[in-house]
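Single-structure report; data block below.
Below, chains carry the letters A, B, ... as their sequence lines are ordered, and counting in each starts from 1.
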Amino acid sequence: MIKALNLTKKFGSTIALENIDFTLHDGEVVCLIGPSGSGKSTLCRTLCGLEIADMGEIYYDERKIDFTNDADSAYVYSKIGFVFQHFHLFPHLTVKQNMLLAPLKVLKENPDDALKKAKELLAKVGLSDKLESYPSELSGGQKQRAAIARSLMMEPQIMLFDEPTSALDPEMVKEVLTVMKDLCDRGMTMLIVTHEMNFARKVANRIVFLEGGHIIEENDPENFFLHPKMPRTQQFLDKIQY
Amino acid sequence: MNIQVILTAENFAILFKAALISLSIALVSALLGALIGIVIAFFKLSQNRFLKIIGNIYVELIRGTPMLLQILFFFLGFPVLYQMITGSYLRVNIYICGIVAMSVNSGAYCAELIRSQIINIDKGQFEAGKTLGLSRKQIMRYIILPQAMRRLIAPFVSEFIMLIKDSSLLGTIGVVELLQQARLLGTTYYNYLIPLLMASAYYLLMTICISYIANKLERKLTI
């Protein structure tokens with residue numbers, strides 16, 4: 001479980017998040033939706049210490065987290081996996097080396113066991129033949145699937161996705177969403193920043209709509225898309241749905 | 001004067017030996033310079049303000065003064081300083097003195113090259129390592145430095161080529177390197193043209209070969 005209380009984050013004089021209260025419960029899939037600049041990516045990044053909040057408190061389970069403290073950070077990163085918009089695979093390493101680096105160096109796993117796990121995960125994301133490939137040899141969709149497999153190597157309890165399909169060519173979006181859907185079906189706790197409304201509607205237990213650094217509406221997917229509580233939500237949906 | 005008198009195998013051999021001296025001095029200085037550069041680059045990137053200031057002063061001091069002055073400092077100035085402090089006389093070896101001066105000089109330039117490559121690595125690489133649970137040291141060692149090193153091959157090679165050419169300044173303190181040897185030949189024959197052209201040929205031979213090897217190496221390591 002991740003809980004944020006009264007979270008505020010500024011970039012210079014721009015307020016990205018203001019007094020946000022947010023909870024991600026175990027087993028839940030939450031989609032963060034909103035116009036660009038609404039603070040949805042910032043929220044996702046602040047929750048795991050990629051941005052440091054100016055104010056507010058963040059809890060993982062019952063533990064209060066100070067991201068400037070190495071022990072707290074280590075605790076968080078042992079629990080979560082993070083998937084970036086631009087993948088951030090390590091370009092000088094093969095897919096295999098990308099996947100084995102953290103398990104071997106952080107968890108000190110046995111190399112044979114780790115390799116076995118890597119092969120299983122690659123099979124699950126449909127990249128069995130790419131074990132020895134370099135990231136530059138993969139398509140965007142393949143890169144993102146490899147990146148997801150890489151974070152799953154650390155056996156996270158929670159997966160955070162920051163616009164995982166926004167940098168992809170349209171025909172590669174589905175292959176990545178399929179992998180994510182598969183994770184949902186296996187009960188992974190997930191926080192997803194996305195513009196894929198149909199996907200959000202299908203997989204989310206809860207949709208959180210942000211604008212201007214505030215949470216405008218939290219709702220279940222059915223009501224969010226069909227009967228939103230807030231006029232601003234309706235306005236947003238009208239604009240994006242053709 | 002007949003140029004055949006100067007263009008002898010013997011003179012080519014003399015200059016070849018001098019070219020080897022230039023090359024070895026440049027090579028040792030480049031390696032030591034790279035080591036100094038790594039240390040100073042980490043000083044400059046450090047969170048520690050004291051180390052940062054030391055790194056900045058070092059780089060500005062070296063880049064802001066001529067290399068010839070630095071060579072003369074280690075040859076003529078440093079022994080005086082040494083005597084003032086310890087009271088005993090320091091006899092400097094011109095080779096060591098030359099290598100020290102050139103390493104110290106190269107260190108400042110290497111530090112800037114290394115620092116700029118490290119900060120140019122995409123921030124996302126650092127973040128990806130962090131969310132995988134790697135420590136700052138591990139991220140540096142396994143993710144950032146290997147990528148920076150690959151990108152450093154080309155600038156390091158140009159630095160090495162610069163050092164080969166700059167080693168000609170060491171003639172001033174009596175090192176008989178390639179250019180100095182050419183001047184000595186010029187004095188012998190009362191003709192500087194041919195020895196200077198011969199020396200140029202050796203310089204070009206060295207620099208072009210090194211560029212060629214570096215190109216091959218870089219292509220092999222590029223990802």
Side-chain angles (χ1 to χ4, degrees), chain A residues 41 44-45 47-51 67-68 70-71 73-94 97-109 133-137 143 146-156 158-162 167, chain B residues 34 37-38 41-42 45-52 110 113-157 213-223:
Chain A
S41 276
C44 187
R45 290 169 57 82
L47 286 176
C48 68
L50 289 179
E51 307 289 350
F67 279 106
T68 59
D70 286 347
S73 292
Y75 177 76
V76 168
Y77 298 129
S78 70
K79 283 189 158 291
I80 66 151
F82 198 98
V83 176
F84 299 86
Q85 182 179 355
H86 295 287
F87 334 123
H88 299 324
L89 290 170
F90 308 130
H92 61 300
L93 301 179
T94 61
Q97 292 166 328
N98 263 280
M99 294 179 75
L100 294 188
L101 181 61
L104 298 190
K105 301 299 173 194
V106 180
L107 304 177
K108 316 274 181 219
E109 279 183 21
S133 302
Y134 281 93
S136 60
E137 298 165 326
K143 279 182 199 164
I148 294 172
R150 179 179 69 180
S151 27
L152 292 176
M153 284 296 287
M154 299 300 281
E155 297 175 11
I158 304 171
M159 285 289 285
L160 308 181
F161 294 84
D162 185 8
Chain B
I38 291 171
F42 276 96
L45 291 170
S46 156
Q47 314 274 350
N48 184 318
R49 258 187 65 204
F50 179 66
L51 291 180
K52 215 173 204 159
C110 287
L113 293 174
I114 294 167
R115 191 186 67 94
S116 67
Q117 287 305 333
I118 287 177
I119 59 178
N120 273 335
I121 302 277
D122 185 2
K123 193 169 140 249
Q125 292 289 307
F126 196 91
E127 291 181 347
K130 189 170 160 181
T131 55
L132 284 169
L134 294 161
S135 69
R136 235 162 293 163
K137 254 190 209 149
Q138 289 173 322
I139 294 172
M140 263 295 160
R141 177 163 168 206
Y142 299 113
I143 301 170
I144 308 295
L145 285 182
Q147 293 183 58
M149 282 305 164
R150 266 158 234 244
R151 298 192 202 173
L152 276 169
I153 293 171
F156 268 178
V157 168
I213 295 167
N215 261 333
K216 288 247 155 175
L217 187 69
E218 205 186 5
R219 211 161 296 164
K220 210 173 156 190
L221 289 177
T222 306
I223 11 115

Largest heavy-atom contact set with chain B, pairs under 4.5 Å, which of A/V83, A/I80, A/L101: A/L101
Exercise: identify the closest heavy-atom pair between A/K105 and B/L134: CB-CD2, 4.0 Å
Main-chain N/O of B/A148 paired to A/H92 side chain as donor or acceptor, under 3.5 Å: no
Selection residues 130-144 of chain B - residue pairs positive for salt bridge (Lys or Arg N to Asp or Glu O under 4.0 Å), sequence neighbours left out: A/D70-B/R136
Contact origin within B/E127 toward chain A - heavy atom pairs under 4.5 Å: both
Spacing of CZ belonging to A/R45 relative to OG1 belonging to B/T131, to within rounding of 0.5 Å: 10.0 Å
Exercise: identify the closest heavy-atom pair between B/Q125 and A/P91: OE1-CD, 3.4 Å
Gap separating the CZ atom of A/F90 from the CG atom of B/L132, nearest 0.5 angstrom: 5.5 Å
Pick from B/A128, B/G129, B/P146 with the largest number of heavy-atom pairs that fall under 4.5 Å of chain A: B/A128
Test salt bridge (charged side-chain N to carboxylate O under 4.0 Å, His left out) applied to A/E109 - qualifying residues, sequence neighbours left out: A/K117
Heavy-atom proximity to chain B below 4.5 Å, by part of A/L107: neither
